[in-house]
Amino acid sequence: MEEPVLLSERIEPFSPLVEEEAFLSPGTFSSADEYAANPRFLELQEELRCVLFSAVASLEPTDTSPPLEPEGPQTRARQSLDFTRVISIPKIKLIFYLKNWITECAPYLDKFDEARHFGVQIPILAQGSPALFYAILAFSARQTERKACLDKAYDSLELYQESIRLLAPCLQAKDPNVLVTVCILAVMELMSVSPRDWRRHVEGCAALFDSFNVNGLSGGHLQAVFWCYARMELCGAIISNGAESTVLPLEKWVPAMEQAASKEAEEDMIRDLFCDNGRTSADMHANWAVYLCAKACDLSCRRTRYLELGETAGDPRPFSEQWSRLWDELQYWIETRPPAMLPIKTTGMGSGQIFPEILFAHWAAISGNQLYHAASIMMLEMRPVERGPPAAKPHFSAIWHARRVCGISLTNPHSGNLINAIQPLYIAGKLLSHHSEHVEVAKLFKIIERTTGWGALWRLKDLERAWGYEPGEILGVI
């Protein structure tokens with residue numbers, strides 16, 4: 001087997017046509033991306049929110065909402081994708097966006113899903129749902145615009161508008177598959193605007209998942225869509241830095257539990273749900289890491305609210321007991337990983353190597369393990385004094401976890417996992433003190449934004465402040 005190539009070694013010179021400003025956060029309204037400030041885009045965002053919350057108000061919560069599967073072959077044969085609704089965009093471009101969805105965009109969203117629902121099943125569903133079809137095209141067009149740093153390119157805006165226009169009838173029909181469309185539009189919005197406004201983009205999704213009673217163990221394509229949504233939630237919770245928890249309460253991420261004798265017994269039942277699936281599915285083990293990392297964010301939020309506001313609502317157990325329980329859950333996660341979640345090669349940091357190389361064969365293993373390390377860092381940063389001094393083991397060292405977060409991204413170049421790494425890299429990067437480490441992490445952020453079209457350098461600017469550099473100083477040396 002060939003040695004894995006570090007991403008930092010794969011950097012090619014930037015085109016002279018691509019200026020530094022092209023990589024500013026969408027929230028800064030750079031000259032190369034005026035999309036986030038476009039009045040029409042902002043108006044459509046508000047329209048989508050109004051449509052969603054009006055629909056939720058008319059929906060009665062249901063006890064069961066089985067995922068709908070694609071229609072049979074005979075029905076599909078009578079359907080065809082309708083390219084005629086947006087006449088201002090040539091059909092050849094729309095076909096390109098559809099191809100780009102399958103080859104570039106869907107793998108971003110399928111990184112925790114061996115069945116590849118976004119790449120295979122969702123396009124099939126789109127044959128019978130124009131709203132979903134145009135959401136797919138809008139996402140793909142926006143990714144193309146961002147990746148190419150196209151100035152004032154608004155194909156995605158036209159497609160986004162058409163998807164919203166077609167969405168209302170689906171909501172009125174109370175079709176659970178509308179969750180697919182809404183989730184894709186939410187991810188597109190987060191790709192296009194300042195991530196600090198994340199709650200506005202997931203609130204509608206949260207309300208719909210609650211109304212349709214869809215959760216992380218619902219099965220089928222709606223389960224895959226839920227975990228795509230959950231990763232957005234986790235991203236936002238990390239960005240809030242302990243100020244906010246997830247919009248959809250964590251107890252609604254899993255099926256309703258029978259009345260348990262204690263909080264510990266309830267947590268055991270939830271763990272068993274993930275473990276039963278995880279024995280045969282690396283994907284579900286990775287989704288469990290998302291859940292545990294979100295629990296760490298929730299614990300941080302409740303701790304902040306207790307210390308700053310005196311709030312005591314929620315878990316009645318002492319903080320040290322809650323912390324110990326979650327820490328043990330994280331260790332159980334790492335110890336029970338199925339074979340596909342284990343690295344196939346790990347190297348140390350000798351011979352001038354800055355970060356360890358940790359190579360995974362399974363897509364879900366990349367982000368799943370990275371989220372474990374990120375959650376461990378967050379937990380160690382709020383470690384209660386009652387726990388005493390850290391044990392002399394690597395997993396009790398925050399800097400050990402931080403270097404592994406960085407090493408995983410440097411060794412595994414899967415684009416979807418690079419997008420998922422933005423927040424873990426920020427969590428890990430704050431702990432790094434050497435200039436050479438800062439440079440390697442900065443290169444990673446630049447690569448993420450350049451190769452995926454996803455805004456990442458806004459987080460590097462946050463790290464520059466944490467490291468004590470002047471604004472843009474670290475960017476000037478990579």
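- Taking the ring centroids of Y291 and W333, they lie at or beyond the 6.0 Å cut-off.
- Of the inter-residue distances, the one linking W253 atom CH2 with N287 atom CG reads 10.0 Å to the nearest 0.5 angstrom.
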Under the side-chain contact (heavy atoms from CB on, under 4.5 Å) rule, what do T246 and D298 come out as? Steps first, then yes or no, please.
CA-CA 7 Å; T246 57; D298 182 67; 5.6 Å; no

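- Considering every non-hydrogen atom in both L217 and P255, the closest pair reads CD1-CD, 3.5 Å.
- Taking all atoms of both residues into account, the shortest heavy-atom contact from A466 to K430 is CB-CG, 4.4 Å.
- Counting only distance, with no hydrogens or angles, the side chain of S409 and the backbone of C406 share no donor-acceptor pair below 3.5 Å.
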Apply side-chain contact (heavy atoms from CB on, under 4.5 Å) to residues F360 and I408 and explain how you reach the verdict.
CA-CA 8 Å; F360 293 99; I408 288 171; 4.0 Å; yes

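- Contact check for V225 versus F209: side-chain heavy atoms found under the 4.5 Å cut-off.
- The two residues W288 and Y332 have their closest heavy-atom pair at CH2-CD2, 3.6 Å.
- In terms of modelled atom types and a separation under 3.5 Å, the side chain of T451 and the main chain of I447 share a donor-acceptor contact.
- Between the side chain of E440 and the backbone N or O of I354, no donor-acceptor pair lies under 3.5 Å.
- Nearest heavy-atom pair across S140 and N100 is OG-ND2, 2.9 Å.
- Listed for the T304 side chain is a donor-acceptor partner under 3.5 Å among the backbone atoms of S300.
- Between R303 and Q322 the shortest side-chain heavy-atom distance does not fall below 4.5 Å.
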Might you work through the side-chain contact (heavy atoms from CB on, under 4.5 Å) test for L359 and N412, ending with a clear yes or no?
CA-CA 6 Å; L359 182 65; N412 300 273; 3.6 Å; yes

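- Between atom CG of residue N420 and atom CG of residue L234 there is a gap of 7.5 Å, rounded to the nearest 0.5 Å.
- To the nearest 0.5 angstrom, W363 atom CH2 is 6.5 Å from R116 atom CZ.
- Distance alone, capped at 3.5 Å, is enough to place a donor-acceptor pair between the S240 side chain and the A237 backbone.
- By the 4.5 Å heavy-atom criterion applied to side chains, I239 and E244 are not counted as neighbours.
- Contact check for L185 versus Y160: side-chain heavy atoms found under the 4.5 Å cut-off.
- Of the possible donor and acceptor atoms, one in the side chain of E145 sits under 3.5 Å from a partner among the backbone N and O of D155.
- In this structure a side-chain-to-backbone donor-acceptor pair under 3.5 Å is missing from Q143 to G453.
- Atom CG of residue L190 and atom CZ of residue R142 lie 12.5 Å apart, to the nearest 0.5 angstrom.
- Judged by distance alone, the side chain of E114 and the main-chain N or O of D283 form no donor-acceptor pair under 3.5 Å.
- In terms of heavy atoms, S415 sits closest to Y108 at CB-CE1, 3.6 Å.
- With rounding to the nearest 0.5 Å, the separation of CD1 in I344 from NE2 in H362 is 12.5 Å.
- Looking at heavy atoms from C-beta onward, F355 lies in side-chain contact with L432 at the 4.5 angstrom threshold.
- Contact annotation: the side chain of R302 never approaches that of S245 to less than 4.5 Å [non-hydrogen atoms, C-beta and beyond].
- The residue from D113, N177, V120 that alone fulfils the side-chain contact (heavy atoms from CB on, under 4.5 Å) condition with H221 is N177.
- Between the CE atom in M379 and the CD atom in E329 there is a gap of 9.0 Å [rounded to 0.5 Å].
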Worked verdict on L98 versus F133 for side-chain contact (heavy atoms from CB on, under 4.5 Å):
CA-CA 9 Å; L98 183 58; F133 177 51; 4.2 Å; yes

The test is salt bridge (Lys or Arg N to Asp or Glu O under 4.0 Å); show your working for E267 and R317 and say whether it passes.
CA-CA 13 Å; E267 290 171 341; R317 296 173 295 178; 2.8 Å; yes

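- Residue K147 qualifies as enclosed at atom NZ: its count of foreign heavy atoms under 6.0 Å is above 12.
- Aromatic ring centres of Y306 and F319: separated by at least 6.0 Å.
- Here the side chain of N369 pairs a donor or acceptor atom with the backbone of M341 at under 3.5 angstrom.
- Ring geometry, W327 versus W323: the interplanar angle falls under 30°, so the pair is classed parallel (tilted spans 30 to 60°).
- Between E449 and K446 there is no side-chain heavy-atom pair separated by less than 4.5 Å.
- Nearest heavy-atom pair, A243 versus C301, reported as atom, atom and distance to 0.1 Å: O-SG, 3.8 Å.
- In this structure, the ring of W400 has its center less than 6.0 angstrom from the ring center of H373.
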Taking it one step at a time, do H117 and Q223 satisfy side-chain hydrogen bond (donor to acceptor under 3.5 Å, both in side chains)?
CA-CA 10 Å; H117 283 94; Q223 176 175 305; over 6 Å; no

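- Side-chain atoms of K295 and R325, non-hydrogen and from C-beta on, never get closer than 4.5 Å to each other.
- Between the R231 side chain and the V290 main chain, no donor and acceptor come within less than 3.5 Å of each other.
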